There are 2 protein chains.
Amino acid sequence: MFEARLLQASLLKKILESIKDLVESANFDCSPEGISLQAMDGTHVTLINLVLRNEGFDTYNCDRSLSLGLSLVSLSKILKCAGNDDTLTIKARDNESDTVTFVFESPKNDRVSDFEIKLIDIKNEQYSIRKSDYSAVIKMPSAELQRICRDLSIIGEIVTISANKEGVKFSVSGDSGSGNITIKPTSDSDVPAEQATVIESKEPVVLNFALKFLSNFTKATPLSPMVTLSMSEGIPVVVEYKIEDLGFLGFFLAPKIE
Amino acid sequence: MFEARLLQASLLKKILESIKDLVESANFDCSPEGISLQAMDGTHVTLINLVLRNEGFDTYNCDRSLSLGLSLVSLSKILKCAGNDDTLTIKARDNESDTVTFVFESPKNDRVSDFEIKLIDIKNEQYSIRKSDYSAVIKMPSAELQRICRDLSIIGEIVTISANKEGVKFSVSGDSGSGNITIKPTSDSDVPAEQATVIESKEPVVLNFALKFLSNFTKATPLSPMVTLSMSEGIPVVVEYKIEDLGFLGFFLAPKIE
DNA sequence: GGGATATTCA
DNA sequence: TGAATATCCC
């Protein structure tokens with residue numbers, strides 16, 4: 001028996017909005033510690049790494065680990081049926097059951113909806129997610145990254161991110177011209193630390209990425225006011241959104257080699 | 001000579017939006033008491049029952065009864081030409097005339113439009129609308145019914161409505177899974193009576209309906225903040241929207257027999 | 001009040 | 001199928 005109750009169904013809604021266009025289906029790995037999901041897109045360019053720790057749930061009961069394979073499109077459809085302030089309870093029997101139940105309850109408890117989704121058998125690939133000692137780690141407002149990706153997508157398809165101690169430059173060029181957006185670490189001491197842009201740079205890095213994917217990642221913006229980009233030469237960038245109290249949603253994107 | 005003046009042309013606009021996809025043409029039966037319309041869809045699954053009482057009109061003159069047969073699609077096209085705050089005057093000569101005139105006037109009276117539509121000869125079938133003593137009568141926010149129909153349409157095509165004193169359950173199942181939405185009577189005394197969900201249940205009922213039609217009925221949502229569902233085993237459900245001061249728009253839908 | 005999304009019209 | 005609009009959410 002697995003049962004996890006989340007006060008804000010909208011959290012999972014936002015998570016699905018930001019991953020459903022990247023991956024068709026994935027296993028939600030439920031263990032006593034929490035729920036996690038790792039999945040790669042069809043072209044194996046991006047990897048999604050979602051971690052939701054048990055402490056972040058209103059209630060969390062998981063006797064033994066189980067993998068819930070779900071169509072992310074179906075799940076996102078069902079989550080659209082949740083009211084904006086509904087709570088969510090996820091219920092699954094055990095490994096033999098072939099469905100999982102999502103229960104939404106309105107704040108006043110005058111409306112309860114439950115949806116059953118069929119489970120899909122997905123072979124559980126283990127992706128090695130190694131903690132690297134990144135050359136550059138940038139913490140910045142997530143809305144700003146979203147805006148940058150949106151703006152640069154108008155110009156071209158590939159963005160060059162150059163980071164050093166002084167700042168981070170996002171460069172793009174296309175048929176109609178080219179553009180650069182540079183952000184600098186926050187110096188204004190009026191800005192609270194949680195909202196400050198911070199660059200930790202061990203050595204300068206320059207990497208190219210497909211804007212299409214980066215833009216897609218920024219759909220997770222509603223999850224967190226801040227985002228971190230971790231980069232090293234030759235390995236995937238990590239774009240990570242903390243999910244308050246619960247965990248985080250990370251996206252890995254392999255750089256384009258010219 | 002028939003002449004009826006309505007302060008809000010938008011009311012008739014909303015009425016037509018919610019019925020024009022169900023019935024091609026219908027008779028507007030004008031009598032000294034008001035205007036009424038009964039019509040069935042082509043497949044004889046739904047019946048529309050519209051009542052607009054004379055008191056609700058700004059002015060209302062009708063010497064003797066007459067039936068105005070109109071193409072609802074044409075009428076709805078013409079009503080689209082009305083400004084949002086325009087008043088509407090409906091004018092018809094008598095039974096010999098073959099047109100009816102719709103006059104729109106802007107609030108400041110600086111713009112007057114008039115449209116003439118050809119009358120159609122439609123044989124006036126009398127549908128027996130018997131007031132039944134329903135097993136369950138549910139009054140609920142119309143937006144909530146609309147939301148429920150929209151959400152459940154994502155999952156499947158047939159909804160099972162089960163009503164008893166405790167609540168009303170809308171159930172649906174489809175390829176990807178199944179879902180139930182249950183609403184309970186309002187217990188919160190802070191909610192004004194006009195906005196409260198109320199269930200009058202004589203005996204439990206369980207009925208199946210095609211969601212397609214129910215969803216269509218909910219296009220009438222802009223007419224009223226509340227809607228009532230009246231149900232008894234084996235007879236059509238009535239979905240009724242009160243139209244303030246004027247009357248009501250009711251939809252009858254025969255249940256699906258399994 | 002601005003952005004995003006859902007619905008409607010062309 | 002795309003664009004404009006209306007509604008909802010932030």
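Just so we're on the same page: letters track the sequence lines, and every chain starts at 1. The structure presented is a predicted model; accordingly, all values stated were derived computationally and were not measured.
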Specify the separation, in whole Å, of atom CG of B/Asp21 and atom P of C/dT8.
-> 9 Å
Interatomic distance, A/Asp85 CG vs D/dC9 P [rounded to whole Å] = 8 Å
Closest heavy-atom pair, B/Glu194 versus B/Lys139, reported as atoms and distance to 0.1 Å, is O-NZ, 4.0 Å
Using the side-chain contact (heavy atoms from CB on, under 4.5 Å) rule, take A/Glu3 and A/Thr89 through it: C-alpha gap first, then chi angles, then the decisive distance, then the call.
-> CA-CA 7 Å; A/Glu3 186 170 318; A/Thr89 308; 3.7 Å; yes
Rounded to whole Å, the CG-P distance (A/Asp151 to C/dG3) equals 12 Å
Roughly how far, to the nearest 0.5 Å, is CZ of A/Phe104 from CG of A/Leu6?
-> 10.5 Å
Return the value, rounded to whole Å, for the distance between atom CD1 of B/Ile154 and atom C1' of C/dT5.
-> 14 Å
How many Å lie between CG on A/Leu11 and P on D/dC10, as a whole number?
-> 11 Å
Where the side chain of A/Arg150 is defined as all heavy atoms beyond and including C-beta, which of C/dA4, C/dT7, C/dC9 is the nearest nucleotide?
-> C/dA4
Whole-Å distance, B/Lys13 NZ to D/dT5 P, equals 14 Å
Which of these nucleotides, D/dC9, C/dA4, C/dT7, is closest to any side-chain atom of A/Asn84?
-> D/dC9
For atom NZ of A/Lys14 and atom P of C/dA4, their distance in whole Å | 14 Å
Could you walk me through whether B/Lys91 and B/Asp114 pass the salt bridge (Lys or Arg N to Asp or Glu O under 4.0 Å) check?
-> CA-CA 10 Å; B/Lys91 294 178 184 176; B/Asp114 68 271; over 6 Å; no
Distance, rounded to the nearest Å, where B/Arg147 contributes CZ and D/dT7 contributes P = 17 Å
When we call it a touch if two heavy atoms are under 4.0 Å apart, what does B/Lys219 touch: a base, just sugar-phosphate, or nothing?
-> nothing
